[in-house]
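Reading through the structure tokens given below for one structure.
Because the structure is a prediction, the values reported are computed rather than measured.
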Amino acid sequence: MTVCLAVIFAACKTDNQDTSRTVKEVVDNAVTKLYKTLNSAQLDTISDQYILQFLSENDKDVLADKFWTFHANVPVTVSLMRHTGQKVIPFWIEKSGFRKTSMVVKNEEYDYEVWQKDFPAGNVGLGINGFDKHREVYFISVAPQNKDNQLQITDVMPSQYALDTLELGAFTYHDWDGLVITELPEALKGQVLFTTVRGRAREALLVNAFRKTDTPSGADPDQVMLTWSGNPETTTDIQWRTSPEVKSGRVKYWGKGKTDTLFADASVFRMEDRLLQNDRFVNRFTARLTNLSPGTAYHYALNSDNGSWSQAAAFKTAPSKKDDFSFIWFGDTHYSKIWGDMAKKSLKRHPETAFFSIAGDLVSTGLHRDEWDKLWDYSNSVFSGKPLMPVPGNHDSQDGLGAWMYKEMFSLPENGPGKQPTEMSYAFNYQNALFLMLDATLSVPAQTAWVEEKLKNSNAKWKFVMFHFPPYNFEEPYDEIMKEWCSLFDKYHVDMVMSGHMHYYLRTKPMFNDKPVSTPAQGTIYTMSISIPGKQERWPKEDYALVRYKDGPLYQHIAIKGNSLSYKCYDPEGNVKDQLVISK
């Protein structure tokens with residue numbers, strides 16, 4: 001059986017169908033029309049039946065055979081595995097001629113009933129997973145009707161999900177590749193498997209779909225935030241939000257006590273969350289300030305194109321000489337008001353801190369902009385004067401659809417691993433410290449060479465690494481991270497690794513080659529934290545652990561003073577929960 005992954009969008013045509021339209025266009029237009037037709041309360045009550053009456057026949061044709069398309073060189077049988085827990089069968093399955101069989105496919109979590117249909121050679125088009133957000137989306141396998149034929153599958157769309165072989169142990173969802181097939185009828189074994197992601201459930205989501213934000217955008221800039229995409233000594237990036245009616249943005253800035261005023265124009269990105277009924281579109285602006293003086297305090301104000309300037313805020317560039325500094329990092333924040341209150345208290349308690357970091361899972365659903373709105377609302381102006389340098393977690397990169405909304409929220413260094421999405425993994429230096437910020441939701445091996453290059457070529461006194469998934473925890477082994485990255489942390493002596501994900505606090509003994517060692521000079525300390533209340537039901541012993549807490553919220557303050565590092569973990573009220581000093 002030969003499989004080709006050449007790609008073109010080739011739908012199965014029906015009479016009078018506009019083959020240029022896509023599922024996205026149909027659903028985009030349907031959402032626009034629904035907003036004009038129904039009020040907020042009515043949007044919450046729409047059903048599959050209502051949607052099918054609402055859509056035109058042409059719309060339904062597109063939704064019935066342009067969700068998944070491919071070309072087969074010989075007549076084929078398509079087997080469609082539909083999760084038995086899905087309450088409403090997608091409208092097109094029976095109508096298009098699929099028939100339910102007695103076969104069942106299982107993985108460790110779910111059962112799937114098998115539907116089949118014969119197709120002639122040529123283009124094959126299949127429909128949406130439904131109008132609800134049923135995450136266990138259907139997947140398919142394909143076999144030639146004549147077993148003696150050599151099957152060639154081409155022009156697969158969407159193209160980014162590989163073809164595989166349907167067999168025991170195969171996975172179907174790229175965003176959960178640990179979920180493998182455990183039971184499979186003999187008749188289906190060896191067929192061509194079309195893999196997918198659970199995020200495809202969102203492509204036609206309309207039932208129980210619509211949301212609101214508590215803080216819609218307006219004409220005045222808000223959600224003001226600082227980051228660095230370049231050298232912290234000479235650059236600062238400023239981001240903010242407005243309503244889409246504001247077309248341009250500008251920053252004026254000046255050194256503290258100076259009379260010269262400088263200006264920088266901002267780039268703009270139009271961000272859409274089509275199911276956010278009261279704020280579907282916003283404009284996000286980014287201004288990159290360059291050629292700044294090291295170790296200098298600056299004031300700045302923002303301009304929307306109505307001519308008014310925002311209230312001034314301030315920031316300070318990093319000194320060029322090696323000096324003392326501190327930073328604060330948080331574990332999972334999940335757009336929590338509890339975390340927001342703690343973040344404001346942490347800044348008040350440590351006004352000297354140079355910047356903040358978050359070790360992933362900033363929000364719970366990374367493609368819901370109302371959650372990001374809450375994150376920025378709860379933290380208020382914390383990041384308008386101190387840069388935020390985060391890494392993404394699995395909740396920020398949702399259901400295999402990537403973390404594009406996270407990426408558009410931040411202006412970060414584009415110096416990460418080649419052939420990987422930019423701004424997701426990156427490196428920066430602050431004073432005499434190297435910070436490797438890694439996206440552990442991407443391929444770990446694909447980033448290993450870059451991680452080694454950065455560590456090997458750094459002469460920084462202090463080396464820190466942050467990524468979401470903790471190598472040491474009692475819930476889940478991360479053998480690949482241990483093999484690929486932790487071995488490099490040993491080789492090049494990383495001082496501290498910071499993670500989240502498991503919703504409890506942990507500081508390990510210094511670790512080298514997966515074993516405790518006597519002092520931090522001999523190994524790496526692994527830390528994990530949580531910015532919200534924890535949820536641990538089990539609490540087994542961890543021999544590598546030195547300090548643990550079941551619950552949050554907590555935050556970590558790290559201060560560098562010459563050859564000494566002071567690490568303290570605080571609760572929101574400022575009580576020290578853990579501390580250590582590393583001397584070099």
Side-chain angles (χ1 to χ4, degrees), residues 232 318-319 321-331 342-343 345-359 386 389 428-437 455 458-467 470-473 486 489-500 504-531 542-549 552-584:
K321 64 177 183 177
K322 299 302 180 275
D323 204 354
D324 302 341
F325 77 95
S326 66
F327 67 96
I328 291 171
W329 72 273
F330 304 101
M342 182 173 68
K345 290 177 179 177
S346 74
L347 180 57
K348 186 175 181 180
R349 193 172 292 124
H350 311 285
E352 84 296 339
T353 193
F355 62 92
F356 291 90
S357 294
I358 300 175
K386 306 287 185 178
M389 303 295 283
F428 71 96
N429 286 276
Y430 193 96
Q431 296 289 77
N432 204 12
L434 169 69
F435 292 85
L436 285 190
M437 315 296 282
L455 292 173
S458 174
N459 59 2
K461 180 178 293 185
W462 303 96
K463 297 183 179 73
F464 300 98
V465 179
M466 177 176 286
F467 52 87
Y472 291 96
N473 72 89
C486 294
F489 304 159
D490 292 338
K491 183 176 181 180
Y492 298 104
H493 187 59
V494 168
D495 294 287
M496 187 171 291
V497 174
M498 300 163 281
S499 300
Y504 68 96
Y505 178 83
L506 168 73
R507 175 166 64 89
T508 70
K509 303 168 185 175
M511 303 297 292
F512 185 88
N513 196 25
D514 200 23
K515 293 181 174 60
V517 292
S518 299
T519 68
Q522 298 174 303
T524 298
I525 294 172
Y526 291 83
T527 56
M528 172 174 60
S529 191
I530 175 65
S531 298
E542 297 176 271
D543 291 335
Y544 46 76
L546 199 59
V547 181
R548 297 193 304 165
Y549 290 106
L554 300 166
Y555 74 91
Q556 292 63 235
H557 177 266
I558 297 178
I560 305 292
K561 295 183 179 181
N563 293 327
S564 179
L565 178 153
S566 172
Y567 170 99
K568 292 184 179 180
C569 172
Y570 292 89
D571 69 13
E573 303 312 314
N575 299 306
V576 176
K577 307 295 288 185
D578 183 23
Q579 61 183 319
L580 81 152
V581 173
I582 302 175
S583 297
K584 291 193 175 184

Would you list the atom pairs, donor with acceptor, under 3.5 Å between side chains in residues 428-437 and any protein atom, with sequence neighbours excluded?
from   : atom 1 : to     : atom 2 : distance (Å)
Gln431 : NE2    : Lys321 : O      : 3.1
Gln431 : NE2    : Asp323 : O      : 3.1
Asn432 : OD1    : Lys461 : N      : 3.3

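The distance from atom CE of Met342 to atom CD1 of Ile328, rounded to the nearest 0.5 Å, is 9.5 Å. Separating the CG atom in Leu506 from the CD1 atom in Ile530 is a distance of 13.0 Å, to the nearest 0.5 Å. Here the CG-CD1 distance, from Asp324 to Ile560, works out to 9.0 Å after rounding to the nearest 0.5 Å. One distance of note links CG of Leu580 with CG of Leu565; it measures 7.0 Å at 0.5 Å rounding. Taking CG from Asp571 and CG from Leu554, the interatomic distance works out to 7.0 Å, rounded to the nearest 0.5 Å. Expressed to the nearest 0.5 Å, how far OG of Ser564 lies from CD1 of Ile582 amounts to 9.0 Å.
In terms of the side-chain hydrogen bond (donor to acceptor under 3.5 Å, both in side chains) criterion, Tyr526 has no residue partners (sequence neighbours excluded). Residues passing the side-chain contact (heavy atoms from CB on, under 4.5 Å) test with Gln579, sequence neighbours excluded: Lys568, Val576. Looking at residues two or more places apart in sequence or on another chain, you find a ring pair (Phe, Tyr, Trp, His ring centres under 6.0 Å) between Phe356 and Phe330, Phe383.
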Quick one, Gln556 with Met498, criterion side-chain contact (heavy atoms from CB on, under 4.5 Å). Give me CA distance, side-chain angles, the key distance, then yes/no.
CA-CA 10 Å; Gln556 292 63 235; Met498 300 163 281; over 6 Å; no

Between Leu546 and Thr508, does a side-chain contact (heavy atoms from CB on, under 4.5 Å) hold up when you go through it step by step?
CA-CA 5 Å; Leu546 199 59; Thr508 70; over 6 Å; no

Does the side-chain contact (heavy atoms from CB on, under 4.5 Å) test come out yes or no for Ser583 and Asn563, once each step is laid out?
CA-CA 6 Å; Ser583 297; Asn563 293 327; 6.0 Å; no

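Looking at every heavy atom in both residues, Ser346 comes nearest to Ala343 through OG-O, 2.7 Å. The minimum heavy-atom distance linking Met389 with Ser357 is given by the pair O-OG, 3.0 Å. Residue Ala460 comes nearest to Lys463 through the heavy atom pair O-NZ, 3.5 Å, listed as atom of the first residue, atom of the second, then distance. In plain terms, the two heavy atoms of Met528 and Pro470 that are nearest each other are SD-CG, 3.3 Å. Heavy-atom minimum distance, Pro520 versus Pro510: N-CG, 3.6 Å. Scanning all heavy atoms of the two residues, the minimum distance from Ser499 to Pro471 falls at OG-CD, 4.2 Å.
The shortest side-chain heavy-atom distance between Trp329 and Phe464 does not fall under the 4.5 Å cut-off. Between Glu352 and Ser326 there is a side-chain heavy-atom pair separated by less than 4.5 Å. The side-chain heavy atoms of Trp462 and Ser458, taken from C-beta on, include no pair separated by under 4.5 Å. Counting heavy atoms from C-beta outward, Met496 and Thr527 have side chains that approach closer than 4.5 Å. Inter-residue side-chain proximity for Ile525 and Val497 is flagged as unmet; no heavy-atom pair is nearer than 4.5 Å.
Counting only distance, with no hydrogens or angles, the side chain of Ser566 and the backbone of Val581 share no donor-acceptor pair below 3.5 Å. When atom types are taken as modelled, the side chain of Thr524 and the backbone of Phe512 share no donor-acceptor pair closer than 3.5 angstrom. A donor-acceptor distance shorter than 3.5 angstrom exists from the side chain of Lys509 to the backbone of Asp543, with no hydrogens or angles considered. Judged by distance alone, with hydrogens and angles left aside, the side-chain atoms of Tyr544 form a donor-acceptor pair with the main-chain N or O of Asn473 at under 3.5 Å. Within the 3.5 Å criterion, the main-chain N or O of Pro351 finds a donor-acceptor partner in the side chain of Lys386.
In this structure, Phe355 and Phe325 have parallel ring planes: the angle between them is below the 30° cut-off, well short of the 60° mark.
For the ring-ring contact (aromatic ring centres under 6.0 Å, His included) condition, the pairs that include at least one residue of residues 563-584, sequence neighbours left out, are His350-Tyr570, Tyr555-Tyr570. For the salt bridge (Lys or Arg N to Asp or Glu O under 4.0 Å) condition, the pairs that include at least one residue of residues 573-584, sequence neighbours left out, are Lys345-Glu573, Asp495-Lys584, Arg507-Asp578.
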